Amino acid sequence: MDYVTTVTHAELVARLRAAKRLFITTHFKPDGDAMGSVLALARALRSLGSTVDAVLAGPVDRSIRGLALDGEIRFVDHGLATPAADCDLAVVLDTGAWSQLEHCRDWLKEHALMVVGVDHHARGDLVAPMRIVDRNCASCTQVLVAVIDELGVPFGPSARVARNTIAEALFVGLATDTGWFRFSGADDRVFQLVARLLTCGVDKDGIYRMIEQGDAPGRPLLTGRALNSLTYACGGRVAIMRLMRTDFAETGTGVNDLAGLVNEPMSVREVDMSVLLVESDPKLVKVSFRSKPPAVPNGPFVDVNHLAANFDGGGHVHAAGARIEASMDDAAHMVIEACAAYLEDAGSAG
Ligand SMILES: [Mn+2]
């Protein structure tokens, strides 16, 4: 079966309304959209009187942790995070991939009829038999807008700036998944939604400062290490950076300090895509792929979702990730080979 919508908004909302004790989660290592999605739906359902266990699993960047008020989110850094025994509905947001849901995968498989999903990714597994998937949305929070509207919950107060609202959570997902409205997914509908959210009192300047200007002191040092490792492949079209475990140790940083670092070489004119290789252990490398949108409307671009699939990874056309079980040198070699093969195919096809 394809990874597509299986229910109407009304049907999904009927399930949400009927539930008394909900479990809401998202992909391991949540980003701004995952966090914003969980927060937005949890706030909406709590405002209707439901009990919500909102769970984020794995490392969460410190820049977005501050979006949640005390007690709003259950952060589970390691191990399992499953619903309580009396849970009557589980909601999975911003992913449909079993590989990203290890913290509750077994529970979800055993209770499939109690699982609903909302997502905007192109690919996914059948985690949630009842799901809304809209790959034309720039963020999962954008998909949730119609769901929360159907629930009848207002996004926030109008005519005054307010923090910790549904509008703020929706805005964060939209802003972070579009690179603050620069990526190709930021179309006219996105800007119309932004206008609506600003009308609901979203403090965009305060959120920008919190999310984008909240780095730890070690982050510029880690960026320096990454840039120092920069090499180019495929005639300069592919930028590749490497970070070893020692780079984190010596700069006092961790995987929570990596947000956006892969984009650094995108400022170079010739670069079409950027790759960041991070040594996780001596035989495991985590890879982030990013690509630029076309230089001209409908022009060619690198589909990194397709590239990442070479390594059992995936994501979006301009942002994807994968894990390679190999040493850093071997992983780098494999990635360069895959990029070269892809660009050669694309060149001959075009
Ligand atoms: Mn997303």
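Since the structure is predicted, the reported quantities are computational estimates derived from the model, not experimental observations. Indexing begins at 1, ligand by ligand and atom by atom, following the structure's order.
Under 4.0 Å is where a charged nitrogen must lie from a carboxylate oxygen, and between D125 and R105 no such pair does. Remark: D257 engages R62 in a salt bridge, criterion side-chain N to carboxylate O under 4.0 Å. Ion pair R74/D53 flagged as a salt bridge, since at least one NZ, NE, NH1 or NH2 atom sits closer than 4.0 Å to an Asp/Glu carboxylate oxygen.
Per residue D94, closest N, O or S atom to the Mn ion (ligand 1): atom name OD1.
Between the OD2 atom of D177 and the OD2 atom of D33, the angle centred on the Mn ion (ligand 1) amounts to 80° when rounded to 10°.
The Mn ion (ligand 1) has an N, O or S atom of H120 under 2.8 Å away, backbone or side chain.
Atom CZ of R65 sits in a crowded spot, with more than 12 heavy atoms from other residues, nucleotides or ligands closer than 6.0 Å.
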